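The block underneath contains the structure these notes are about, expressed in structure tokens.
Below, all heavy atoms of this structure are taken into account, side chains as well, without hydrogens, waters or symmetry copies. Owing to the predicted nature of the structure, the values given are computational and were not obtained by experimental measurement.
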Amino acid sequence: MRRGAADVSAVQAQPAPLAEEAPVSLWRDAWYRLKRNRLAIFGLCVIALLAFVALFGPYLTPYDFLGQDLEARNQAPSLAHLFGTDDLGRDVFSRVVYGTRTAFLVAVVVTAIALVLGTVLGAVAGFFGNPFDRVIMWLTDVTMSVPNLLLVVVINASLKTPIAQWMEARYLETLNPFYRETVWIDFLLVFGSMALISWPPYARLVRAQVLSIRSRPYITAAQALGLSNRIILMRYVIPNALGPLIVAVSAGLGTAMVLESAFSFLGVGVNPPTPSWGNMISDGLRVWQHYPHLLAAPAAVLGLASVAFSFLGDGLNDALNPRGSK
């Protein structure tokens with residue numbers, strides 16, 4: 001009896017086996033770290049709000065962004081006009097809301113084009129080496145050595161008139177009113193010129209990541225198995241370079257918004273009557289001493305968007321690269 005009781009007590013004294021912990025994925029762990037960063041969450045909430053405004057705001061504004069009321073010109077902010085009115089009696093709040101759509105459209109399209117172009121060229125340069133690496137890096141150096149503003153001005157000055165003449169000729173042939181919508185020329189030139197100056201940083205980043213990844217054992221094993229270079233790039237190399245690329249994209253979206261506003265401010269971006277934060281700031285700057293609300297409203301929204309993307313980019317960098325943030 002004593003021996004049986006001792007055996008039972010020995011069994012009871014043994015510690016229970018630990019439950020197997022569920023593996024934590026990289027993205028779940030990154031999201032956990034991101035949630036702890038209050039500034040990053042603030043930036044994410046602001047960006048989500050601006051994205052909602054860009055999608056649905058123009059349907060919720062009390063006035064048409066092109067509607068004019070000459071009897072209500074240059075009114076100060078009030079309950080009827082939250083951000084006041086401009087010199088043509090247009091509601092500034094409605095124009096700022098519609099300008100959010102313009103800013104997001106330009107930022108998303110330009111960043112997407114630059115990201116695809118930079119990722120493809122950077123992956124090819126880093127994975128295959130010379131002569132591709134030498135040629136692509138030479139292109140990035142040449143592109144980055146040209147001042148951004150000068151390149152955009154040259155593209156707009158050299159292409160806008162021929163495209164406008166071509167669209168006018170198509171209108172006279174077809175009488176299709178689409179060819180009279182010159183706003184598409186502005187967007188086309190903005191997309192192309194801004195993407196042209198935005199892809200080199202992505203190419204350099206992806207190239208550096210690929211140079212680090214291509215020497216890993218699993219890449220050597222994939223090559224030994226006879227997998228094609230395209231499959232290795234798409235399945236193993238590029239997915240493992242996404243962390244720093246996501247951080248760069250979050251910062252690139254904010255940079256694209258600021259660049260579009262800067263170019264519109266200088267008259268080489270989106271031109272009136274299409275609302276843009278840049279051309280609204282340009283108009284408000286002329287009369288800011290008498291009507292400061294015309295400058296303050298679009299400038300404040302642009303500044304808030306820029307700060308939000310900066311906070312989110314820093315938070316993503318800390319979440320996806322915790323060692324580098326220490």
Side-chain angles (χ1 to χ4, degrees), residues 46 49-50 53-54 57-107 109-110 148-150 152-153 155-157 160-161 164 180-191 193-194 253-309:
V46 171
L49 177 61
L50 291 175
V53 170
Y59 302 104
L60 304 177
T61 54
Y63 303 96
D64 181 10
F65 69 94
L66 291 177
Q68 300 180 14
D69 184 3
L70 299 181
E71 296 181 356
R73 294 183 300 171
N74 296 322
Q75 288 188 354
S78 61
L79 293 179
H81 301 280
L82 295 180
F83 291 168
T85 59
D86 60 9
D87 56 345
L88 295 177
R90 297 174 297 189
D91 183 61
V92 177
F93 175 76
S94 300
R95 293 180 61 78
V96 169
V97 167
Y98 199 92
T100 307
R101 170 174 289 188
T102 302
F104 261 88
L105 177 63
V106 172
V109 174
V110 168
N148 294 341
L149 178 59
L150 177 62
V152 172
V153 169
I155 292 174
N156 279 267
K160 188 168 186 176
T161 300
R180 281 290 177 89
E181 295 291 337
T182 57
V183 64
W184 298 111
I185 301 178
D186 294 337
F187 279 113
L188 178 63
L189 293 177
V190 168
F191 293 157
S193 59
M194 289 185 60
L253 288 169
T255 302
M257 280 188 177
V258 176
L259 281 177
E260 183 277 326
S261 298
F263 294 148
S264 297
F265 174 82
L266 296 173
V268 293
V270 179
N271 294 318
T274 303
S276 167
W277 293 339
N279 57 47
M280 293 179 68
I281 293 174
S282 178
D283 294 338
L285 192 62
R286 302 170 187 170
V287 294
W288 71 272
Q289 293 180 335
H290 303 284
Y291 310 105
H293 63 277
L294 298 180
L295 174 64
V301 177
L302 175 60
L304 180 63
S306 178
V307 170
F309 276 107

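Counting heavy atoms from C-beta outward, Val109 and Met194 have side chains that stay 4.5 Å or more apart. Between Leu253 and Phe104, every side-chain heavy-atom pair lies at or beyond the 4.5 Å cut-off. Side-chain contact between Tyr98 and Thr61 is absent, with no heavy atoms from C-beta onward closer than 4.5 Å. For the pair Pro298/Phe83, no side-chain contact is recorded, criterion being any heavy-atom separation below 4.5 Å from C-beta on. The side-chain heavy atoms of Trp288 and Ile281, taken from C-beta on, include no pair separated by under 4.5 Å.
Among residues two or more places apart in sequence or in another chain, the side chain to side chain donor-acceptor pair (under 3.5 Å) test is passed with Arg90 by Asp86. When the side chain to side chain contact (heavy atoms under 4.5 Å, CB included) test is applied to Ala80, the partners found at least two apart in sequence or on another chain are Tyr63, Ser78. Partners of Ser193 by side chain to side chain contact (heavy atoms under 4.5 Å, CB included), not counting sequence neighbours, listed by chain and number: Val152, Ile155, Asn156. For Val287, the side chain to side chain contact (heavy atoms under 4.5 Å, CB included) partners are Tyr291, Leu294, not counting sequence neighbours. Not counting sequence neighbours, the partners of Ser276 by the side chain to side chain donor-acceptor pair (under 3.5 Å) test are Glu260, Ser264. With sequence neighbours excluded, the residues satisfying side chain to side chain donor-acceptor pair (under 3.5 Å) with His81 are Asp91.
In plain terms, the two heavy atoms of Phe65 and Arg95 that are nearest each other are O-NH1, 3.1 Å. Residues Arg73 and Asp87 approach most closely at CD-O, 2.9 Å, considering heavy atoms. Residues Ser261 and Trp277 approach most closely at OG-CB, 3.8 Å, considering heavy atoms. Minimum interatomic distance between Gln68 and Leu88 (heavy atoms only, all atoms of both residues): CB-O, 3.4 Å. Pairing each heavy atom of Leu82 with each of Pro77, the nearest pair is O-CB, 3.2 Å. In terms of heavy-atom proximity, Thr274 sits nearest to Asn279 at O-ND2, 3.2 Å.
Arg101 contributes atom CZ, which lies 14.0 Å from atom CG of Leu50 (distance to the nearest 0.5 angstrom). Atoms CG and CZ, from Leu304 and Phe309 in turn, are 10.5 Å apart once rounded to the nearest 0.5 Å.
When atom types are taken as modelled, the side chain of Ser306 and the backbone of Leu302 share no donor-acceptor pair closer than 3.5 angstrom. With His293 contributing its side chain and Gln75 its backbone, the two residues share a donor-acceptor pair below 3.5 Å.
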